[in-house]
Amino acid sequence: MGVATFTHEVASSVAAPRMFKALYVDSDSLLPKVMPQVIKSIEIVHGDGGAGTIKKMNYLEGDTLKYVKHKMEVVDVDNLICKYSLIEGDVMGDKLERVDYEATIEASGNGGCICKNTNKHHTKGDYVLKEEEIKEGVDKAMELFKVVEQYLLANPSVCA
């Protein structure tokens with residue numbers, strides 16, 4: 001098993017607490033609402049939403065993916081830190097054991113925020129992630145991020 005670590009940083013004009021709440025606290029209801037063309041539902045399989053919770057994200061029928069499961073390790077609302085792992089799902093195939101994510105959201109000087117993400121891909125056997133696979137994952141995450149950002153900007157009372 002190998003570990004490939006990638007970091008990514010993106011700025012937003014949305015305040016840090018709102019972005020954190022949207023992406024990590026209220027995501028179960030918000031993401032299916034803002035991305036109904038992709039996400040069918042998000043359900044809590046085990047837990048109360050905090051550390052140890054397992055969430056299942058169901059994709060629309062006909063998508064190449066059916067579902068993924070994430071285990072929440074840390075949801076620190078005060079410090080705007082979330083750590084979670086991808087533990088199951090079609091996307092893992094025969095290439096990945098799991099993916100560990102660490103997200104921190106910090107206030108920026110303009111009233112917005114900086115979202116910093118570190119992803120650790122634990123691969124099966126001798127598999128080495130390809131540049132295209134990494135780019136595809138980052139592109140999907142950025143699409144989701146931008147949709148959430150636009151929704152929050154258009155709806156200032158959401159996650160306030």
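What you see is a predicted model; the values in this text were computed from it and never measured.
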Original post:
More than 12 foreign heavy atoms under 6.0 Å from CG of Asp126: is that the case here?
Top reply: no

**OP:** Evaluate the side-chain contact (heavy atoms from CB on, under 4.5 Å) criterion for residues Arg98 and Glu88: first the C-alpha distance (whole Å), next the side-chain angles of each, then the deciding distance (0.1 Å), finally the verdict.
**Re:** CA-CA 7 Å; Arg98 74 176 192 277; Glu88 187 179 317; over 6 Å; no

Subject >> Member of Ile114, Leu80, Leu152 meeting the side-chain contact (heavy atoms from CB on, under 4.5 Å) criterion with Met19 >> reply: Leu152

Original post:
Do Tyr127 and Val91 belong together in a cluster built from hydrophobic side chains that touch within less than 4.5 Å?
Top reply: yes

Subject >> Minimum heavy-atom distance Ser108-Cys113, with the two atoms named >> reply: OG-N, 3.3 Å

Original post:
For Lys124 and Leu96, which heavy atoms make the closest approach, and how far apart are they?
Top reply: CE-O, 3.2 Å

Subject >> Side chain to side chain, Val99 and His122, heavy atoms closer than 4.5 Å >> reply: no

Original post:
Mind checking whether Tyr24 and Tyr84 have parallel, tilted or perpendicular rings, split at 30° and 60°?
Top reply: tilted

Original post:
Do Glu73 and Ser85 touch side chain to side chain, with heavy atoms closer than 4.5 Å?
Top reply: yes

Original post:
Does the side-chain contact (heavy atoms from CB on, under 4.5 Å) test come out yes or no for Leu144 and Val38, once each step is laid out?
Top reply: CA-CA 10 Å; Leu144 179 125; Val38 177; over 6 Å; no

**OP:** Could you pull out the closest heavy-atom pair between Phe20 and Asp76, with the gap in Å?
**Re:** CZ-O, 3.8 Å

**OP:** Could you grab the distance from atom CG of Leu65 to atom CG of Asp90, nearest 0.5 Å is fine?
**Re:** 5.5 Å

**OP:** Mind checking the CE-CD1 spacing from Met72 to Ile44? Nearest 0.5 Å is all I need.
**Re:** 9.5 Å

**OP:** Might you confirm whether atom NZ of Lys69 has over 12 heavy atoms from other residues, nucleotides or ligands at distances under 6.0 Å?
**Re:** yes

Show which side-chain atoms of residues 46-57 pair as donor or acceptor with protein atoms under 3.5 Å away, not counting sequence neighbours.
| residue | atom | partner | partner atom | Å |
| --- | --- | --- | --- | --- |
| Asp48 | OD1 | Gly50 | N | 3.0 |
| Thr53 | OG1 | Asp48 | N | 3.2 |
| Thr53 | OG1 | Gly49 | N | 2.7 |
| Thr53 | OG1 | Gly50 | N | 3.1 |
| Thr53 | OG1 | Gly50 | O | 2.8 |
| Lys55 | NZ | Asp28 | OD1 | 2.9 |

Original post:
Does the side chain of Glu149 come under 3.5 Å of the side chain of Ser12 through a donor N or O and an acceptor N or O?
Top reply: yes

**OP:** Taking all heavy atoms of Ser41 and all of Pro32, pick out the closest pair and write down the distance.
**Re:** CA-CG, 4.0 Å

Subject >> Cluster check Val45, Tyr67: I/L/V/M/F/W/Y, side chain < 4.5 angstrom >> reply: no

**OP:** Rounded to the nearest 0.5 Å, what's the gap from CG on Leu129 to NZ on Lys95? Could you check?
**Re:** 8.5 Å

Subject >> Heavy atoms from other residues, nucleotides or ligands near CD of Glu131 exceed 12 (cutoff 6.0 Å) >> reply: no

Original post:
Any side-chain heavy atom of Leu153 sitting closer than 4.5 Å to one from Ser13?
Top reply: yes

**OP:** In sequence, state the C-alpha distance, the side-chain angles, and the governing distance for Thr123 and Val128, and then conclude on side-chain contact (heavy atoms from CB on, under 4.5 Å).
**Re:** CA-CA 7 Å; Thr123 57; Val128 177; over 6 Å; no

Original post:
For the atom pair CG (Asn155) and CZ (Arg18), what is the distance rounded to the nearest 0.5 Å?
Top reply: 8.0 Å

Subject >> Connected via hydrophobic side-chain network under 4.5 Å: Leu60 and Ile39 >> reply: no

**OP:** Can you see which heavy atom on His70 is nearest to which on Leu86, and at what distance?
**Re:** CD2-CA, 3.7 Å

Original post:
Does some side-chain heavy atom of Val34 sit less than 4.5 Å from a side-chain heavy atom of Leu30?
Top reply: yes

**OP:** Check the pair Tyr101, Lys120 against side-chain hydrogen bond (donor to acceptor under 3.5 Å, both in side chains), reporting the backbone distance first and the verdict last.
**Re:** CA-CA 6 Å; Tyr101 302 93; Lys120 293 183 180 179; over 6 Å; no

**OP:** Check the hydrophobic clustering (I, L, V, M, F, W, Y; side-chain heavy atoms under 4.5 Å; chains of links allowed) and say if Val158 and Leu23 are grouped together.
**Re:** yes

Original post:
For the atom pair NE2 (His121) and CZ (Phe6), what is the distance rounded to the nearest 0.5 Å?
Top reply: 6.0 Å

**OP:** For the pair Ile42 and Leu31, evaluate side-chain contact (heavy atoms from CB on, under 4.5 Å) and give the outcome as yes or no after the intermediate values.
**Re:** CA-CA 8 Å; Ile42 300 175; Leu31 295 182; 4.0 Å; yes

Subject >> Separation of Ile81 CD1 from Ile105 CD1 (nearest 0.5 Å) >> reply: 10.5 Å

Subject >> Shortest non-hydrogen separation from Ala16 to Ala107 and the atoms involved >> reply: CB-N, 3.8 Å

Original post:
Does Glu132 come within less than 4.0 Å of Lys135, counting only side-chain N to carboxylate O?
Top reply: no

**OP:** Test side-chain hydrogen bond (donor to acceptor under 3.5 Å, both in side chains) on Asn117 and Glu102 and set out the steps.
**Re:** CA-CA 6 Å; Asn117 297 289; Glu102 181 174 345; over 6 Å; no

Original post:
Does the Glu133 side chain pair with the main chain of Lys130, one donor and one acceptor, at a distance under 3.5 Å?
Top reply: yes

